[in-house]
Amino acid sequence: MARIDDRYNAGETEAKWQRIWDERGCFAADDPKGRPKYYVLEMFPYPSGRIHMGHVRNYTLGDVVARYKRAKGFAVLHPMGWDAFGLPAENAAIERGIHPATWTRDNIAAMRGQLKSMGLSYDWRREFATCDPGYYRHEQKMFLDFLKAGLVYRKESWVNWDPVENTVLANEQVIDGCGWRSGAPVEKRLLSQWFLKITAYGEELLTGLAGLERWPERVRAMQENWIGRSEGLRLSWRLQGRTDRLEIFTTRPDTLFGAAFCAISPNHPLAAELAAGNGELAAFIAECNRMGTSEAVVEAAEKKGWDTGLSAIHPLDPDRTVPVYVANFVLMEYGTGAVFGCPAHDQRDLDFARKYRLPVVPVVLPPGGDPAGFAIGDVAYTETGTLFNSAFLDGMSVEDAKKAAIQRIEADGNGQRTVNYRLRDWGVSRQRYWGCPIPVIHCPDCGVVPVPDADLPVKLPEDVTFDRPGNPLDHHPHWSRTTCPTCGAEARRETDTFDTFFESSWYFARFCSPDREDVAVDRAQADAWLPVDQYVGGIEHAVLHLLYSRFFTRALADCGIVGIREPFDGLLTQGMVCHETYKSEGGGWLYPDEVTTGADGALETKTGRPAIVGRSEKMSKSKRNVVDPAHIIATYGADTARLFMLSDSPPERDLDWTEAGIDGAWRYVNRLWRMVAVPNLPLPPLGTPMPALGAEAEEVRRLIHRTIAAVGEDIERFHFNKAVARIRELTNALGELKGGADSAWVLREGLETAVLLAAPMMPHLAEEMWQALGHDTLVSETAWPEAQPALLVEDTVTVAVQVNGKLRATVSLPKDADAATAERIALAQPQVGAAMSGKPPRKVIVVPNRIVNVVV
RNA sequence: GCGGGCGUGGCGGAAUGGUAGACGCAGCGGACUUAAAAUCCGUUUCCGUAUGGAGUGGGGGUUCGAGUCCCCCCGUCCGCACCA
């Protein structure tokens, strides 16, 4: 029968320490007061109802950092809250008749309980939900501040309309022409929308990326790509027989003499004007819009154009004209919605020219090319070269020709050098109920009037119904009816709400002073804590949330609300949690716990029939390859789950959840516990002075201190898997300790060290072991151990001996032995002599304490 | 097409240009047990009985020495994409 104390009772133990931490307020973040501060933040969750493994991974990573930094003496701010506005709450209301507020509150309560069971070191006093009026009132104020600062405007614009969700989507929420959530093909609609001028910060958001040294390269690359800066020329072409001009943007002004046509977007005002008197063109435009967003893949196939009959006069040669087309490949949203086409040096233009039999005149000659013989076939020449067929540009390089062409166009007053961005302003209006009301009033006489500060917050009404499609705020009998704050006339409230990315764009700042009712951010607190030193979250937010937050922070800074311009100093993007997928013979997905894996392969437990094992993919409800964290924590405890999240894969890589992996973690938790419950040597009492150490004890003691140094470094660099490996190495060595009082003393030192090093990862177990070792303090309040430098230095080192680069022997040498000694001992090795087969050494390379390489 | 990441045992993964495979998982052998579980010990890159040889996606290069640096190629994953 097992001894009563050699099996670790995770459930009871974890609850006990969670209660004690809570009572002692161990994780309350108070004013740093001179101590170095450290703000670690994990992306707060949407309260969907239950935590999933992605949360467990995310929050474990953050918690390790928080606990480690706390032990290192930092004043740590580690808060948690709820990103509580969003569509699922409304869907629940529609599908199950539960009010979004109720649904959200219940979910938060359930998830808070689950997070608490993980033993995360949050300062729960700072918790908030973004659907609280106490939170969103401040973002209404921010919006009005931005309005005053000229960072907000309203315009009619083409929007992406999701016909299933009855709402507008941001460009980023449209994936392959379909709504990111509904998957329905997106339609184009013209609506009046509020926009935030994120483009005003385009340049700064781009250049700022260079300073984000502790961000993953790929996230910076994705943002750079998204901002899409390109330098070029904006120039206008006169149109024959018209007084207006056609404004185009190009990055290749050097190829102007190769121009064969101009093309405008189907949504260009000129196209609309021409279509008014031309049914055929109108039909063509309608066709383009239908294709538009929905068939991004299919439409890559064909370039189509419609000849307007207009001629544009070449800006560098008034004797030349080119035809003007309406073309389906020209985007109104980019540049000026019009381009000139140079078929010889742009593949798309070439395809178009071939189709409509337009001339293809090469103007850039490849290096070493023959000007007389160079012709373009089916492939445009897009590389660099020397200009020809180009009047005053002839003989120049592409780079020089660009400059010269721009100079000439500018001198002629036909255009100017310009920088264009792919980034577009952020449309924030959503025709949805469960979001933050946009605080403006529409007055028939005064137009759009901001809600006065004194009337904030504009609260969401609770009494709404979800029995019709569309926005419940529109259907509310009287909520939108109000009076104009300026003239007192009857007026109407804006019924749109903010994009929910609004809330997550500043929550990190709110955590600094969550209780301040009068202001969004207590400036002194914000100055003390911001920026976030380490942000941890999923790669899926690489562009949207992170770019909006960077923009918002700058806008808030320019409104004097915060004193920083970059919100997140360091960013760790964790990989996904994956699991094998299973299908029954019938083809339906199976949950992992419906499958038994044995000698005969995978079987469906219920029927005994073979189950088809698919590849490991991101855990998702639709594929049923999910493991419920609550179940895991109830079975093995939070520490085991946390350990598994950390031990196998580096954080930024995908992690495969396996039964064997969680079992392995569970075994180690028990093994650690047994090491103090039933130690392999009788431990001396706490505080026993160090006896004289024998060789074995001394060697293990060195390992203890090497481990301290290594684990600290590993955690600093987020190499948690390596930190776990080193702690295991240490405990392996401790478990093998034999001998007398000296070994027992070292065993105690080793166990105490292992406890402290493992505490950020397995905090409950660490407390329990610490107590079992006789301490009446908390690990959570104990400083990180310090490695004694003297013990990090070895007096003998193992040096590899190579002959011609191949390992032939290893020799033990005194540390820092001189080269001559090393060489002498190395050459004396029999294996070395054999490998040299009698030849004299031509050269001997000695790298002290590392290697001796004999070249023969 | 553009940009980025990755490629190391059966598997997850370690290796400041200096002993490739730490640590774990799985496997195999053994101990304990009536038996099983748990635990413990040993073993485990490949070829070879062995001295030994080969080996980090492929090819070349730099170097006394390359998984690591440089060039070319292949595969794979992710992001963006009629962006003018």
Side-chain angles (χ1 to χ4, degrees), chain A residues 2 6-7 216-226 228-230 232-233 248-252 255 263 265 291 296-297 299-304 327-331 333-342 346-349 351-352 382 420-423 539-540 542-543 576 643-644 647-650 652-656 658-665 667-668 670-671 674 678 710 719 721-732 735-736 798-811 831 834-835 841-847 849-856:
Chain A
D6 73 355
R7 184 100 182 165
E217 183 59 39
R218 61 172 176 155
V219 174
R220 288 187 290 177
M222 281 160 84
Q223 293 212 352
E224 189 176 329
N225 197 315
W226 192 264
R229 181 185 198 274
S230 63
L233 171 70
I248 64 108
F249 172 73
T250 180
T251 55
R252 293 297 301 273
T255 65
S265 164
M291 296 271 293
V297 184
E299 49 105 17
E302 203 173 16
K303 317 266 171 274
K304 279 190 184 169
N328 65 348
F329 62 84
V330 182
L331 304 173
E333 299 85 0
Y334 186 77
T336 60
V339 299
F340 87 85
C342 173
D346 182 291
Q347 191 59 45
R348 190 195 42 207
D349 293 346
D351 295 345
F352 191 80
T382 53
N420 198 52
Y421 297 90
R422 202 188 77 108
L423 180 70
I539 187 72
E540 66 271 20
V543 178
M576 301 180 295
L643 175 63
F644 180 44
S647 56
D648 270 3
S649 300
E652 44 310 300
R653 265 197 236 180
D654 288 353
L655 176 136
D656 254 316
T658 60
E659 196 71 21
I662 191 75
D663 279 344
R667 276 201 298 276
Y668 187 60
N670 278 285
R671 176 150 182 249
R674 277 196 310 274
V678 280
H719 293 176
N721 54 329
K722 284 166 63 185
V724 171
R726 295 203 204 272
I727 294 169
R728 290 185 101 125
E729 235 173 342
L730 172 61
T731 51
N732 285 347
E736 280 164 21
T798 307
V799 171
V801 184
Q802 299 179 336
V803 178
N804 288 338
K806 283 195 178 161
L807 182 73
R808 296 299 172 182
T810 56
V811 292
Q831 309 94 310
R842 197 154 54 93
K843 192 175 171 190
V844 179
I845 289 112
V846 179
V847 181
N849 305 325
R850 285 238 167 239
I851 206 160
V852 177
N853 191 11
V854 183
V855 185
V856 298

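Lettering follows sequence order; numbering is per chain, from 1.
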task: On RNA chain B, check which nucleotide each of A/R218 and A/S230 is closest to and give me the residue with the more 5' one.
output: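 On the 5' side of the pair lies A/R218.
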message: Nearest heavy atom decides the nucleotide; on that basis, is A/D663 or A/D349 closer to the 5' end of RNA chain B?
response: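 Taking each residue's closest nucleotide, the earlier one in sequence belongs to A/D663.
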- prompt: Is A/R348 near enough to B/C83 that one of its side-chain N or O atoms lies under 4.0 angstrom from OP1 or OP2?
  reply: yes
Round to the nearest Å and state the distance from [X] atom [atom1] to [N] atom [atom2].
X	N	atom1	atom2	result
A/R422	B/A81	CZ	P	5 Å
A/L331	B/C82	CG	P	6 Å
A/Q347	B/G1	CD	C1'	10 Å
A/N225	B/G3	CG	P	10 Å
A/Y421	B/A84	OH	P	14 Å
A/N804	B/C64	CG	C1'	8 Å
A/E736	B/C23	CD	C1'	14 Å
A/N328	B/C82	CG	C1'	8 Å

What contact category does [X] fall into here, base, sugar-phosphate, or nothing, at under 4.0 angstrom with non-hydrogen atoms?
X	value
A/R667	sugar-phosphate
A/R842	nothing
A/V724	nothing
A/N732	sugar-phosphate
A/R728	sugar-phosphate

Distance, nearest 0.5 Å, that separates [atom1] of [X] from [atom2] of [Y]:
X	Y	atom1	atom2	result
A/I851	A/L807	CD1	CG	7.5 Å
A/D663	A/T658	CG	OG1	8.5 Å
A/N225	A/L423	CG	CG	11.5 Å

field: Closest nucleotide among B/A26, B/C82, B/C40 to the A/A660 side chain
entry: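 Closest nucleotide to the A/A660 side chain: B/A26.
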- prompt: Would you write out the dot-bracket form of RNA chain B, 5' to 3', with Watson-Crick and G-U pairs under 3.5 Å, [ ] for crossing pairs, | for pairs to other strands and . for unpaired bases?
  reply: (((((((..(((.....[....))).(((((.......))))).(((....)))..(((((..]....))))))))))))....
task: Determine whether the side chains of A/R671 and A/N732 contain a donor N or O and an acceptor N or O closer than 3.5 Å.
output: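 Per modelled atom types, A/R671 and A/N732 side chains form a pair under 3.5 Å.
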[atom1]-based separation of [M] from [N] [nearest Å]:
N	M	atom1	value
B/G55	B/G7	C1'	15 Å
B/A81	B/G3	C1'	11 Å
B/C64	B/C78	P	43 Å
B/U68	B/U56	C1'	10 Å
B/C72	B/G21	P	32 Å
B/A26	B/U19	P	30 Å
B/U76	B/G58	C1'	15 Å
B/G9	B/U44	C1'	10 Å

Note, A/Q347 side chain near A/T382 side chain (heavy atom, < 4.5 Å):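 Counting from C-beta outward, A/Q347 and A/T382 never come under 4.5 Å.
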Would a distance-only check, ignoring hydrogens and angles, find a side-chain to backbone donor-acceptor pair under 3.5 Å from [X] to [Y]?
X	Y	result
A/S265	A/V330	yes
A/N853	A/G805	yes
A/D349	A/C342	yes
A/D654	A/M576	yes

task: Could you walk me through whether A/I845 and A/V852 pass side chain to side chain contact (heavy atoms under 4.5 Å, CB included), step by step?
output: CA-CA 6 Å; A/I845 289 112; A/V852 177; over 6 Å; no
- line: Given protein heavy atoms under 4.0 Å, the one-letter contact record of nucleotides 10-22 of chain B, with B base, S sugar-phosphate only and - none, is simply --SSSSB-BB--B
statement: Counting primed atoms, P, OP1 and OP2 as sugar-phosphate and everything else as base, the B/S/- map of nucleotides 46-60 of chain B against protein heavy atoms under 4.0 Å is -------SS------
- request: Not counting sequence neighbours, which residues clear side chain to side chain contact (heavy atoms under 4.5 Å, CB included) with A/A809? List them please.
  value: A/V801, A/Q829, A/Q831, A/V832
- prompt: Which residues satisfy the side chain to side chain contact (heavy atoms under 4.5 Å, CB included) test with A/R422, sequence neighbours excluded?
  reply: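 With sequence neighbours excluded, A/R422 shows a side chain to side chain contact (heavy atoms under 4.5 Å, CB included) to A/W226, A/Y334, given in chain and number order.
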A/R218 atom CZ, over 12 foreign heavy atoms within 6.0 Å: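 Count not over threshold, so no.
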- prompt: Does a distance-only test, which skips hydrogens and angles, find a donor-acceptor pair under 3.5 Å between the side chain of A/K303 and the base of B/C82?
  reply: yes
Residues 723-731 of chain A side chain polar contacts: donor-acceptor under 3.5 Å, at least two apart:
from	atom 1	to	atom 2	distance (Å)
A/R726	NE	A/D714	OD2	2.8
A/T731	OG1	A/Y668	OH	2.7
A/T731	OG1	A/I727	O	3.1
A/T731	OG1	A/R728	O	3.0

message: If the glycosidic angle sits within 90 degrees of zero it is syn, else anti. Tell me which applies to B/G9.
response: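 B/G9: syn.
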